[in-house]
Structures are given as structure tokens and as C-alpha cells.
Amino acid sequence: MTVRTRFAPSPTGYMHIGGMRTALFAWLWARHNNGQFILRIDDTDEQRNIGEALGPILNAFRWLGLDWDEGPEVGGPHGPYFQSQRRVFYDEALAKLLTSGHAYRDFESPEDTQTQREAAEKEKRVYVSSRVSLELSAAESERQAADGKPFVVRLLIPRSQKLVINDHIRGRVEFDCGLMPDPVIARNDGSPLYNFATVVDDAALEITHVIRAEEHLSNTPIQVLLHRALGNKTPEWAHIPYVAAPGTKEKMSKRKIDKYRTNPQFQKLFELGDQVLSRIGIDANSNELSPVMVAYYREVGFLPAGVLNALVRLGWSLDDQTEILSLADMMRKFTLERVIRSPAGLDPDKMLSFQSHWMHALSPREKLDGCLPFLKKARLIDDENDHATQAKVASIIDLAADRLRVFGDIFQLDEFFVADDQLKMDDKNFQKRVVKPETAIGLLTELRGRLADVFNFATEPLHDLLQSFTTEKKIKAGDIFPALRLCVTGKAQGPDLFRSLELLGKDCVLRRLDRAIGLADSMRASG
RNA sequence: GGCCCCAUCGUCUAGUUAGGUCUAGGACAUCGGAUUUUCAUUCCGGUAACAGGGGUUCAAAUCCCCUUGGGGUCACCA
């Protein structure tokens, strides 16, 4: 038997990070078994622009490298893969259920049903369907339908049954059918509802394993009943716990994004995002893009490998040691058996740690190719194909070394890209290390003179020069190094000072020193 | 509220199916120390958990029951 799994998103315009984890598990299980992974679009209820709403979802899959064997854009032998185009199959199945008596026309008005529901709730009774329409003879039911009396089609729940599901992750779960109302499977216009369409399609697409989020567990008995009524082979089930928001056990939700902003565990991610997104013209506060969405991580400069590694470790582990897994590793080693039963909260810290690992594993060329588009988007470089530009950026990436965790981190070294008058100054530290110390300006002025005389403006000679300068002046490195760094980079900390000076170049260093000394002078004069 | 699910360090988890080798292991975070004339990295070390109560057993994180807590779901949404 070929394993066939599916992910069935409804086109919402974005890909949820938790949904992505579920999709990853389904994909992994298919690939692990040399099976097929199918993408089906559950758009029975959506009237919107499908292209626009589906694009971000497909992009997320493509970005992470999760391919699909059948589905949108690639087609396949079981198409179409949009539920909105599969009406004929639902009609057929519906007719079958109606004639076999597994389903019935319900002429009761929605208001009546609602009233009964409320009454049951008030009396603390379990609500089950009234089934008054079932008292109609077949001919009568037919006649009323023909007369145009509105009805919905409900599945007739066998109330005496106890239904057992053997879930790959939950184990044995039992439901009492006597407690279930008859679910509507088709509206008055014949359009199918989720539970019904899913069952028809899972069967038609020959899905062997339904791997989905655990919130669907309560839908499963209905779907099993439907499969049986239709004479289908019931697929195997695996209900995966949902992904919780950091530091909580609550399902992560797009709607709660404002709440997450004040969540201390989430802080680091938001800060990183705000910092990067503001540079590339995305309003980080608009919530158009948030850490709930896969696209967020791409825009901030995460690697697919980093995101994938973080996701797979959410609710799954190989053993008591292994943390780092490539997609190929996961594919080889993933089993449903080792999926954990309880929900896991996304951990931004750990995610960033995985990301750092995969970033450090990249070759210089790969890092360069990753950073270039970011610099271009931020207008920090003009032509990302220019050789001189590339060489410069490559040197800066090399200098940044481990500081580069996500591609967006390259913006932290913006001093190498901005014009002198655009350089932002860390005012507090500038005061402390340049303006305030009695001798600082004098020392810097003298140092400026020495630097101007340096012929070979390179790391080694510069290092030697600074070294002898401190010896000669009988000062500590701490008296001059930070001050010099502040003047030429605007920052109190950063990568190796001498390499930074070399990369900036003599002219730039001298210009920025002049500017900073002038600034310090005026600040001191004004008190 | 009904039904269903879940419960090990702050977090992600190993260990639960086949009870003993678990004075509970790893990772992230955190705290110390070393390296680095800054920052980051790297390396060493530390703090830190079986929700509670009853059973069963020679022996329980592991099996059973109860309690508590958390969560999901109860649509003519998916």
C-alpha cells in the first residue's frame, strides 16, 4: 500500500506557522514511506480571490522545500484539487446517502433548530436532533422538496453506537453516538459542508493517513460514520497537538497577535522582526506580517533549514540527544509513533538557536547570496550584481561572523553602507567615552593625524599603530579604542576594530573622525 | 456546561508501550568561570522537574482510580 497523506488548507491569504508544522509532519510521513503528499484546497466556503489567498500558502511550501505530488499547479490523476470544483462528486455521494437512508432531508427551520438547542442547554440536557422530518414518508419528503420547501441534508447518526477510533497518536478514543446531533452535510443549495466534502475527497484521493491538528479529533467520529455509510475504506488517523503560543498552552492564533506583543517570551522575535522589517519597508506594527505566519520568518531572513528544524522538534523527537536535523534527516527518521501527545509552545529562543546553527553552516557564497537581496531592499546597495559591491559585502559578512544569525542581521552593520552624514550615533556612549573624558578629543585629534599618515591602511599595521600609540601616551586600550569605534561606526560595540577600520577605508575613517571630533567639540562647548 | 484530549526542569523534550540500571538524561534560556583588549563566538561548570492524593507491587516518573490544573470542541466555518 502506498502511503498517501494530504494537507488541506482553506485559502486564507497566509500560512500559519502551526499549520505548517502539521503539514510538515504529513509531508514527512509520506516521504518517509516513499509515498505521496497531496495538497488539496478546501475552498467550499470561500468566495474571495483564490489566487491571492492561495499564493502565500504555496509560497510557504516552496520556500521550505516541501513539494507536493498532486495539487494546485502540478495537477494529478485525482483532480481537480479545489473543492469548489468537485461539486459533481459531492452531489453523487449525497444522492447515494439519501437513497441508502444514511442521510435525510431536514425541513426544520434553522430558527427551530436553534431554539431546541438553547432549550436543551437551559435544561442541561444533551442536545440531539429532533428528526421530525424523518417522520415524513419518502414520497412526502420528495414532494416538499420538489415544491421548493427549503431543507438541509443531515447524516443520520446511529445513536445506539459507540464509535472507537484508533489514532496513531492518541491511541484508542471512544465516542458515544447517542450524544451527537445529526450533522448537516449539505446546505439547501446542495453545497457540501466540511465534514462531508472532506470524507468524499479523502476517499477519492485515496488518502491512507489523515494527519491533522487535534482540534479535528471531535470531527472524526462523524467522518468515520460518513466513510462507512459511503462504503469507503476508512483512512488511518493521526491527530497532532496544536502549536501553542510561547509560554502558554493556548493554540497560537493570528487574532491574538497584539497580546503576543506584550508576551515576554515572544519579545525577542518581535524585536528582531521590527528591526529588520522597518529597514525593508514593511510596517512591523501593521500585523500584516507576524510571527504567526511563515512568511514572517522568510522576510526577517531565517533559513528554511532553521525554521524546519525548530518546527520538527515541536512535538516530535528522535531520541534523548538529537536536536539538529536537516530535512533529509527528518525524512529518514520521522515516525508518527514518536509524536508527542501534548501541545508544545513555540520557543523563539530555541528557534533562533536552530537558525544560528544552520546559518553558521552556510558557505560564504550562500551567506552573500542571502544578504544581498536584503541590502538591496533596504537600499543600502544599488546593484547586487556588481562585483565590487559583492566583494565588499562578502568582506563585511566575514567580519560579522557569528553575529549574523538571520540575513536581516546584516543591518546591524549598516555603518559600512551608509553615507557619513547618515551615520547614527549612540549618543549616550558618545557622551561617556568621547565628550566627557578630559583628554579624549585631544587624543583622537592626534590619532587622526597618525592615521592620515598610514600608507598601508590594513588590519595589521593599524593594530600596531594603535598599540604603540597607547604605549607612547601611557594610556589603556579602553581609553581610546571605544572612543575611536564610536567616532567611525557610531556604535559602542561591534566586530574587530582594526578590520572594521580597514574595511571602512582610510578616507572614510578620516572623514568620520573629523566629523565626530567636531561634534564632540561643540557638545563640550555647549556643556 | 456536555463530550474529548493533555500533565517530567522557565521552555522543547528523553524515559511511560514490555515497572527495577532514573539519587530522572539532553537541548534552549539563565547564572558563574576561562578564552576574546569591546560585542558576538567557543570551551568548562552550576541552578533547575516527575501537579496532588490514594491504591497495586518487594519495587512506580512508568500501571489503576480520584482530585486539581490546562486545553480542544460543541455552526447551514474549515
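Note on naming: letters A, B, ... go to the chains in the order of the sequence lines (proteins, then strands), and numbering restarts at 1 for each one.
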(message) I'd like to know whether the aromatic ring centres of A:Tyr194 and A:His216 sit less than 6.0 Å apart in this structure.
(response) yes
(request) Would you tell me whether A:Asp398 and A:Ser395 have side-chain atoms, one donor and one acceptor, within less than 3.5 Å of each other? (result) no
(message) Would you say A:Glu118 and A:Gln114 are linked by a side-chain donor-acceptor pair, where the criterion is simply a distance under 3.5 Å?
(response) yes
(request) Pick base, sugar-phosphate or nothing for A:Arg212, based on heavy-atom distances below 4.0 Å to the nucleic acid. (result) nothing
(message) I want to verify a distance call: between B:A78, B:A29, B:C6, whose nearest atom is closest to the A:Asp349 side chain?
(response) B:A29
(message) What's the gap between B:C63 and B:G15 when it is taken at their P atoms, as a whole Å value?
(response) 13 Å
(message) Both conditions, 6.0 Å and 45 degrees, for the charged tip of A:Arg105 above the ring of A:Phe107: are they met here?
(response) no
(message) Checking base pairs now: Watson-Crick or wobble, both atom distances under 3.5 Å. What partners B:A59?
(response) none
(message) Once you measure the plane-to-plane angle for A:His209 and A:His168, does it fall in the parallel (<30°), tilted (30-60°) or perpendicular (>60°) bin?
(response) tilted
(message) Can a side-chain donor-acceptor contact be found between A:Thr198 and A:Gln223 if the only test is distance below 3.5 angstrom?
(response) no
(request) Indicate the ring-plane relationship of A:Trp29 and A:Phe334, choosing parallel, tilted or perpendicular according to the 30° and 60° boundaries. (result) perpendicular
(request) Round to a whole Å and report the spacing from CE of A:Met180 to P of B:G2. (result) 18 Å
(request) Write down the partner of B:A7 under the Watson-Crick or G-U wobble criteria, each distance required to be under 3.5 Å. (result) B:U68
(message) Do the side chains of A:Asp426 and A:Lys428 get close enough for a salt bridge, i.e. N-O under 4.0 angstrom?
(response) no
(request) For nucleotides B:C50 and B:U36, find the distance between their C1' atoms and express it as a whole number of Å. (result) 41 Å
(message) As a test of reading the structure: which of B:C28, B:C76, B:C5 is closest to the side chain of A:Arg170, going by heavy atoms?
(response) B:C5
(request) Quick one: label A:Pro110 by what it contacts on the DNA or RNA (base, sugar-phosphate, nothing), any heavy atom closer than 4.0 Å. (result) base
(request) Give A:His239 one of three labels, base, sugar-phosphate or nothing, depending on what nucleic acid heavy atoms sit under 4.0 Å from its own. (result) nothing
(request) Could you tell me whether the phosphate oxygens of B:C76, OP1 or OP2, come under 4.0 Å of any side-chain nitrogen or oxygen in A:Arg105? (result) no
(message) Please report the distance, rounded to the nearest Å, between CZ in A:Phe354 and P in B:A27.
(response) 12 Å
(request) Using the C1' atom as the reference point in each nucleotide, state the distance between B:C12 and B:U30 in Å, no decimals. (result) 15 Å
(request) Go ahead and name the base partner of B:G2; Watson-Crick or wobble counts if both distances stay under 3.5 Å, otherwise write none. (result) B:U73
(message) Suppose you measure atom C1' in B:A59 against the same atom in B:G20; what distance do you get, rounded to whole Å?
(response) 6 Å
(request) Measure up the A:His239 and A:Trp237 rings against each other and bin them: parallel (under 30°), tilted (30 to 60°), perpendicular (over 60°). (result) parallel
With 3.5 Å as the limit, what N/O pairs link the protein to nucleotides 30-40 of chain B?
| unit_1 | atom_1 | unit_2 | atom_2 | d |
| --- | --- | --- | --- | --- |
| B:U37 | O4 | A:Gln467 | OE1 | 2.3 |
| B:U37 | O4 | A:Gln467 | NE2 | 2.9 |
| B:U38 | O2 | A:Gly494 | N | 3.1 |
| B:U38 | O2 | A:Gly494 | O | 3.3 |
| B:U38 | N3 | A:Arg485 | NH2 | 3.0 |
| B:U38 | N3 | A:Gly494 | O | 2.5 |
| B:U38 | O4 | A:Gly494 | O | 3.3 |
| B:U38 | O4 | A:Asp496 | N | 3.3 |
| B:C39 | O2 | A:Arg403 | NE | 2.7 |
| B:C39 | O2 | A:Arg403 | NH2 | 2.8 |
| B:C39 | O2 | A:Gly494 | O | 3.4 |
| B:C39 | N3 | A:Arg403 | NH2 | 2.2 |

(request) Could you check whether A:Glu121 gets within reach of a base, just the sugar-phosphate, or nothing at all, counting any heavy atom under 4.0 Å? (result) nothing
(request) Have a look at A:Asn195 and say if it touches a base, only the backbone sugar-phosphate, or nothing, with a 4.0 Å heavy-atom cut-off. (result) nothing
(request) Sequence neighbours left out, what passes ring pair (Phe, Tyr, Trp, His ring centres under 6.0 Å) with A:Phe498? Give chain and number order. (result) A:His463, A:Phe481
(message) Say we look at B:C22 and B:G72: how far apart would their C1' atoms be, to the nearest angstrom?
(response) 33 Å
(request) Indicate whether OP1 or OP2 belonging to B:A14 is found under 4.0 Å from a side-chain N or O atom of A:Ser317. (result) yes
(message) Please report the distance separating the C1' of B:U35 from the corresponding atom of B:C6, rounded so that it comes out in whole Å.
(response) 46 Å
(request) Find the distance A:Asn219:CG to B:C4:P and express it as a whole number of Å. (result) 16 Å
(request) Could you measure between the two P atoms, the one in B:U8 and the one in B:U47, and give it in whole Å? (result) 22 Å
(request) May I ask you to check whether A:Thr489 and A:Arg485 show a side-chain donor-acceptor distance below 3.5 Å? (result) no
(request) Answer yes when A:Lys259 and A:Glu250 have at least one side-chain N-carboxylate O distance shorter than 4.0 Å, and no when they do not. (result) yes
(message) What is the distance, to the nearest angstrom, from the CG atom on A:Asp202 to the P atom on B:A78?
(response) 14 Å
(message) Under 4.0 Å, counting only non-hydrogen atoms across every strand here, what does A:Tyr127 touch: a base, just sugar-phosphate, or nothing?
(response) nothing
(request) Grab the CG-P distance between A:Leu179 and B:U73 for me, whole Å please. (result) 19 Å
(request) Name the nucleic acid region contacted by A:Lys251, choosing base, sugar-phosphate or nothing; use a 4.0 angstrom heavy-atom cut-off, strictly under. (result) sugar-phosphate
(message) Assuming nearest nucleotide by heavy-atom distance, tell me which of A:Arg172 and A:Gln321 is located more 5' along RNA chain B.
(response) A:Arg172
(request) Answer with base, sugar-phosphate or nothing: what part of the nucleic acid does A:Glu250 contact at a heavy-atom distance below 4.0 Å? (result) sugar-phosphate
(request) Establish, from distance only, whether the side-chain atoms of A:Asp201 and A:Tyr81 form a donor-acceptor pair under 3.5 Å. (result) no
Under 3.5 Å, which protein N or O atoms sit close to an N or O of nucleotides 9-12 of chain B? Give each pair with its distance.
| unit_1 | atom_1 | unit_2 | atom_2 | d |
| --- | --- | --- | --- | --- |
| B:U11 | O2' | A:Asp347 | OD2 | 3.4 |
| B:C12 | OP1 | A:Gly345 | N | 3.0 |
| B:C12 | O2' | A:Arg313 | O | 2.8 |
| B:C12 | O2 | A:Lys350 | NZ | 3.3 |

(request) Starting at atom CD of A:Gln355, determine the distance to atom C1' of B:C28, rounded to an integer number of angstrom. (result) 15 Å
(request) Could you please name the partner base of B:U36, counting Watson-Crick and G-U wobble pairs only when both distances are under 3.5 Å? (result) none
(request) Could you let me know what B:U30 is paired to, Watson-Crick or G-U wobble, both distances under 3.5 Å, or none if it's on its own? (result) B:G46
(request) Determine the interatomic distance between C1' on B:C4 and the same-named atom on B:G45; round to the nearest Å. (result) 46 Å
(message) Using a 4.0 Å heavy-atom cut-off, does A:Arg433 contact any base of the nucleic acid, only the sugar-phosphate backbone, or nothing at all?
(response) nothing
(message) Just to be sure I understand the rule, does A:Val173 reach a base, reach only the sugar-phosphate, or reach nothing, if contact means heavy atoms closer than 4.0 Å?
(response) sugar-phosphate
(message) Any side-chain N or O of A:Ser353 below 4.0 angstrom from OP1/OP2 of B:A29?
(response) no
(message) Using whole Å, what does the distance between atom P of nucleotide B:C74 and atom CZ of A:Phe175 come to?
(response) 12 Å
(request) From the options B:A14, B:C76, B:A78, select the nucleotide whose nearest atom is closest to the side chain of A:Arg154. (result) B:C76
(message) Distance check needed: B:U42 P versus A:Arg405 CZ, whole Å only.
(response) 12 Å
